[in-house]
Peer 1: 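Take this structure, written in structure tokens, and hold onto it; I'll ask about it next.
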Amino acid sequence: MKAVLITGAAGGIGSALVRVFSDAGYGVIATDLAARPADLPCEHYFACDLRRTVEDESFASEVFSGMRKVLDGRPLAALINNAAIQLLGPADTLSREDWRATLDVNLLAPFLWAQAFLPELEAARGVVLNMSSIHARLTKPSFIAYATSKAALTGMTRAMAVELGARVRINAIEPAAIDTPMLRAGFAGNPSGFDLLKNFHPSRSIGSAEGLARLAVSIVRSEDIFTNGSIIPLDGGIGNQLHDPGC
Ligand SMILES: NC(=O)c1ccc[n+]([C@@H]2O[C@H](COP(=O)([O-])OP(=O)(O)OC[C@H]3O[C@@H](n4cnc5c(N)ncnc54)[C@H](O)[C@@H]3O)[C@@H](O)[C@H]2O)c1
């Protein structure tokens with residue numbers, strides 16, 4: 001059975017990725033800062049802090065060798081760099097620590113994890129799939145650190161695809177709003193706000209975590225090595241829409 005490694009596996013999108021990859025017949029190695037959710041259908045779960053794997057090389061080696069042990073020589077079909085943090089704040093107060101944490105988790109960890117598992121991915125002609133965001137291209141006030149990290153993640157995907165495309169495929173998805181418990185929580189007591197956001201999309205819908213996970217499976221499953229360096233928007237068309245209030 002081919003294996004996939006998914007970060008941020010306890011989150012809204014991560015848990016959908018774990019379920020859908022598991023249903024598609026992959027052995028899922030899942031990891032997150034949070035403890036393993038009770039019903040997560042993965043083969044192995046590692047609770048670990050991505051930031052520590054950036055800052056502490058010997059901790060990183062320990063984590064990676066633990067994962068190699070459970071891989072046990074199996075091909076690694078994909079590394080899905082899905083975990084991220086979103087520290088919001090205006091330019092006046094965004095701190096050095098906010099920047100460091102954001103770049104460690106959202107950018108450096110995806111690179112260092114891809115670097116660490118390159119031999120296993122190459123052996124499987126596998127895929128690195130980076131979960132970027134529409135914020136790589138379109139953003140709003142107070143999102144400077146998050147939006148910059150996602151723009152850099154998209155840029156890194158392109159640069160790595162150029163260098164490594166003959167060995168592994170490197171792609172990214174840029175989702176817009178995805179219907180997760182966290183997104184819903186932001187609209188608690190404000191159902192009309194949720195409907196407003198939904199109807200603002202040309203598709204008149206918000207993305208589903210399962211739909212996103214099915215797209216991820218199809219990218220990983222495709223044996224087409226030409227799907228490399230692809231940055232795939234999943235946004236109901238909102239990224240093409242000019243918002244022209246008053247016209
Ligand atoms: N939900 C959306 O609407 C949306 C839209 C565009 C992009 N995305 C991207 O999709 C991905 C998943 O988002 P989500 O909505 O499921 O968010 P989420 O907050 O539900 O999940 C993120 C997961 O990452 C984990 N994580 C955070 N810091 C970590 C660390 N230091 N070490 C290990 N794990 C850590 C968290 O514990 C959490 O389980 C993210 O990359 C996000 O930027 C989400």
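Atoms considered below: every heavy atom in the structure, side chains included; atoms not considered: hydrogens, waters and symmetry mates. As the structure lists them, so they are numbered: ligands from 1, and atoms in each ligand from 1.
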Peer 1: Just checking, any donor-acceptor pair under 3.5 angstrom between side chains of S95 and D98?
Peer 2: yes

Peer 1: Would you name the heavy atoms of A114 and L121 that are closest together and state the gap between them?
Peer 2: O-CD1, 4.5 Å

Peer 1: List ligand 1's nitrogen or oxygen atoms that come under 3.5 Å of a protein nitrogen or oxygen, with the partner atom and distance.
Peer 2:
| residue | atom | partner | partner atom | Å |
| --- | --- | --- | --- | --- |
| ligand 1 | 3 (O) | I178 | N | 2.8 |
| ligand 1 | 16 (O) | G12 | N | 3.3 |
| ligand 1 | 16 (O) | I13 | N | 2.8 |
| ligand 1 | 20 (O) | G12 | N | 3.0 |
| ligand 1 | 31 (N) | D49 | OD1 | 2.8 |
| ligand 1 | 32 (N) | L50 | N | 2.8 |
| ligand 1 | 34 (N) | L33 | N | 3.2 |
| ligand 1 | 37 (O) | D32 | OD1 | 2.6 |
| ligand 1 | 39 (O) | G11 | N | 3.2 |
| ligand 1 | 39 (O) | D32 | OD1 | 3.3 |
| ligand 1 | 39 (O) | D32 | OD2 | 2.6 |
| ligand 1 | 41 (O) | N82 | O | 2.7 |
| ligand 1 | 41 (O) | K150 | NZ | 2.9 |
| ligand 1 | 43 (O) | Y146 | OH | 2.5 |
| ligand 1 | 43 (O) | K150 | NZ | 3.0 |

Peer 1: Using 4.0 Å as the upper bound for N to carboxylate O, is an ion pair formed by D104 and R100?
Peer 2: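 Salt bridge flag = no for D104 with R100.
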
Peer 1: Within 45 degrees of the ring normal and closer than 6.0 Å to the centroid, is that where the cationic atom of R221 sits relative to F21?
Peer 2: no

Peer 1: Judged by modelled atom types alone, do T154 and S132 share a side-chain donor-acceptor pair under 3.5 Å?
Peer 2: yes

Peer 1: Answer yes when E210 and R19 have at least one side-chain N-carboxylate O distance shorter than 4.0 Å, and no when they do not.
Peer 2: yes

